[in-house]
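Here is the structure we will look at, set down as C-alpha cells.
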Amino acid sequence: MNKLVVNTYKQPSRISRNIYGHFSEHLGRCIYGGLYVGENSPIPNVNGMRTDVVEALKRIKIPVLRWPGGCFADEYHWKDGIGDKKLRKRMVNTHWGGVVEDNSFGTHEFMELCRQLSCEPYVNGNVGSGTVQEMQEWVEYMTFDGDSPMARLRAENGHKQPWQLKYFGVGNENWGCGGNMTAEEYANQYRRYQTYVRNYGENRIYKIACGPNVSDYRWSEVLMREAAPYMDGLTLHHYSFCGEDFAHKGSALGFPEEEWYSLLHKALYMDTLIETHKGIMRRYDPEGRIGLLVDEWGAWHDVEPGTNPGFLYQQNTLRDAMVAAVTLNIFNKHSDRVRMANLAQTVNVLQSVILTEGEQMLLTPTYHVFDMYRDHQDAMLADSFIQSEKEGEGAYRIPTLQESASVAKDGTLTVTLANLSLGRDYEIDAVLLGAPSGKIEASLLGGRMDAYNSFEQPDKIQPQEFGSEVRRTSSGAAFKIPAHSILKLSVRP
Ligand code: AHR
C-alpha cells in the first residue's frame, strides 16, 4: 500500500483561480471558427461568440483569458481591430500560416467575449513592432474614464464606458519572435514601455514583464535585477514535446510507450523550472510581491496530418490529460509564487480544451481535467505527500504517483491524484489529517493511454463516478487507483 498524507492544518498559500487560466491567439482556428464565428454565422452565437464554446468554458469556471498572442501580439496593431468591420485594415499573419487577418475580432470583441465568460481579460501589448505611444493609447482606449481622445474614439465605436482591465503584458517572447532582444535590451525596453502603461481613474494595471524561454535563468536574473520595481508579474513559457529538439516533436496519436514517459518527463520538469525561478525571484523580491505567471504551457505535438502546419492543430489524448493533471498539481504546490498560468491554447490550437469542426464541438480529455480540478480555484493549498516509485527508461524515469490537495472556503477537501504508471494499479492508504467528516465523492478519468474524443465519438473519454470504490478508514480513506488515470477526491464538511 502506498501512503498519501494530507495535512489540512498546514495551509501554506492560496491557490489563485488564475492558475486555471487560458490563452487565445490569432492562430489557426483558435479565434476564428473556435471562439468567434461572427454575428451572421448559422452556428449559434451571441454577438458572434460561439454559444457552445462559451457555455463549456463557463462550466470549468475559466478565470482569465490571455489575448491576442503569443507571437501575434508583437505584430498586432490594435487600431486595425476597431471601428466598422468592413473598413478594418487587413494584414498578413506572418507567424501563423501566412493567412490574411481581417481584424474582425479586435478589442471590443475580446472584451465582449470576456464579459460572456465572466473572466478577467489579460491583454498582451506589442513591444517588438509597436510604439510606446501605441501601447499607451491602447490602455487609455480601454480604461480611461473621462473625456480624452482615446475615450472619445471608444465611445464612437459603441462603448462609452471604459472596461476594467487588470492584466497587461508588455511584450511576448521578446527573446525570440517578439524582437530577438538580449535580456539587457528588453529590460531597458520594458522599463520604458511600462512607464506609459497608466492607471486611469480607479483602474489598476498589473504589469507583466516577458520572462524567459524555459530555463534561460540568466534572462530572469537580468529582468529581476534591472526591472523588479516596475513589474507585478514575470512570465515563464514551457512547452512539453517528446523529441530532443523542436523539429521532431512526435505525434499526438499513435505514439509508443516510451513517448508516454518522455512527454511526462518534460511536463514534470515544470517543477524544477518553477523552483529555480523562485530562488532567483526571492533574491530581488523577498516579500514575494511579484508573481510568476506561466502564461504559456502545455503539450506541443506535430500537427495532425493533412492540416495547415502553421495552424498548430493537434488531437488530445489521455496522455495530454496527464500532462495537465501533473502540471496543475505542480502549480498548486507552488501557489505561493505562481499566481497565474495559461494553457496554450483554448480551442483548436496545441493542447486545447475544446475542438470544433464547423458546428460540431467536443471536449478533450484535458477539458475534463480542468473540470475535475476546478474546486482548487481560490482554495487554500493543504500540505501533502505521496509515496511513489519510479518508472520509465534512462533519462525518462518519472515518479508514478503525484498529488496536490486544497481546502475550500466551505471546508471541502479536494485531493487530485495522478497515477502515471502504464502498468501498475496502486492501493492507496490516504491519511487525511483534519479532513471533514462528511461524504467522500470521487471521479476518475482513465482509459487507454492514447484514448481521445473524436467528432464520431465525442464522449469516449470522460470522468466516471468512483465514489463507490473509496472506503472510509479510521485515518481517512483507502482505494485503488488504476494505472494511467487521474482521480479527484472530495471530502465534504
Ligand atoms: O502558442 C504558440 C506560440 O508559442 C506563441 O505564439 C508563442 O508565444 C510561443 O512560442
Side-chain angles (χ1 to χ4, degrees), residues 21-32 34-35 64-76 91-99 101 105 110 122-130 167-181 186 190 208-216 219-220 223 233-241 243 245-247 249 252 266-267 270 273 292-304 307-314 316 320 323-324 327 340-355 364 366:
H22 292 269
F23 169 38
S24 57
E25 180 165 10
H26 288 238
L27 194 178
R29 296 184 300 115
C30 180
I31 302 279
Y32 300 110
L35 290 157
V64 60
L65 186 62
R66 177 173 181 243
W67 172 85
C71 294
F72 183 78
D74 282 279
E75 63 176 358
Y76 181 61
M91 67 177 283
V92 179
N93 190 336
T94 55
H95 281 292
W96 306 121
V99 292
E101 161 69 55
F105 189 95
F110 175 63
Y122 167 9
V123 172
N124 211 120
N126 179 346
V127 169
S129 70
Y167 299 106
F168 191 86
V170 180
N172 167 75
E173 296 197 350
N174 302 93
W175 37 262
C177 64
N180 287 306
M181 301 181 201
Y186 172 71
Y190 174 80
I208 300 168
C210 164
N213 183 23
V214 198
S215 57
D216 181 357
W219 177 282
S220 313
L223 258 289
L234 180 72
T235 67
L236 167 65
H237 290 182
H238 170 51
Y239 286 99
S240 303
F241 50 91
D245 64 68
F246 211 61
K249 296 182 286 294
K266 280 267 170 61
M270 184 68 87
L273 285 174
L292 182 62
L293 316 185
V294 189
D295 67 355
E296 286 188 32
W297 68 274
W300 192 324
H301 307 297
D302 292 337
V303 297
E304 285 306 309
T307 64
N308 186 330
F311 280 14
L312 310 187
Y313 177 77
Q314 63 190 44
N316 194 296
D320 298 290
V323 167
T327 307
M340 190 195 289
N342 308 72
L343 177 66
Q345 301 191 0
T346 322
V347 193
N348 295 331
V349 170
L350 300 177
Q351 191 178 348
S352 317
V353 288
I354 292 171
L355 300 177
T364 66
T366 299

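Indexing begins at 1, ligand by ligand and atom by atom, following the structure's order. Just so you know, these numbers come straight off a predicted model, no measurement behind them.
The distance from ligand 1 to the heavy atoms of Asn172 drops below 4.0 Å at these ligand atoms: 8 (O). Of all the atoms in ligand 1, the ones that sit under 4.0 Å from a non-hydrogen atom of Leu350 are 1 (O), 2 (C). Each of the following atoms of ligand 1 lies closer than 4.0 Å to a heavy atom of Gly70: 5 (C), 6 (O), 8 (O). Annotation for ligand 1: atoms under 4.0 Å from non-hydrogen atoms of Phe23 are 1 (O).
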Go through it in stages, so that I can follow the logic: the residues are Tyr32 and Glu101, the test is side-chain hydrogen bond (donor to acceptor under 3.5 Å, both in side chains), and I'd like the CA-CA distance, side-chain angles, deciding distance and then a yes or no. CA-CA 10 Å; Tyr32 300 110; Glu101 161 69 55; 2.4 Å; yes

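For Trp96, every heavy-atom contact with ligand 1 shorter than 4.0 Å involves the side chain, none the backbone. Under 4.0 angstrom from ligand 1, there are no non-hydrogen atoms of Val349. Looking at Trp300 against ligand 1, only its side chain comes within 4.0 Å, counting heavy atoms.
Taking only nitrogen or oxygen atoms, main chain and side chain alike, Gln345 reaches within less than 3.5 Å of ligand 1. Checking only distances, Cys71 does come within under 3.5 Å of ligand 1, N or O to N or O.
Annotation: side chain of Thr366 is not in contact with side chain of Ser352 (no heavy-atom distance under 4.5 Å). Side-chain atoms of Tyr186 and Leu223, non-hydrogen and from C-beta on, do get closer than 4.5 Å to each other. Contact annotation: the side chain of Asp74 never approaches that of Glu173 to less than 4.5 Å [non-hydrogen atoms, C-beta and beyond].
In this structure, Tyr239 has a heavy atom closer than 4.0 Å to ligand 1.
Taking atom 10 (O) of ligand 1 as the reference point, the nearest protein heavy-atom neighbour is Glu173 OE1, 2.7 Å.
Nearest heavy-atom pair across His26 and Phe105 is CE1-O, 3.3 Å. Taking both residues in full, the closest heavy atoms of Cys177 and His95 are given as CB-CE1, 3.5 Å, listed atom of the first, atom of the second, then distance. Closest of all the heavy-atom pairs between Ala267 and Thr327 is CB-OG1, 4.2 Å.
Remark: of the listed residues Glu296, Gln351, Lys249, Glu296 is the sole one forming a side chain to side chain donor-acceptor pair (under 3.5 Å) with Tyr239.
Considering His95, His26, Glu296 only, the shortest heavy-atom separation from atom 8 (O) of ligand 1 involves Glu296.
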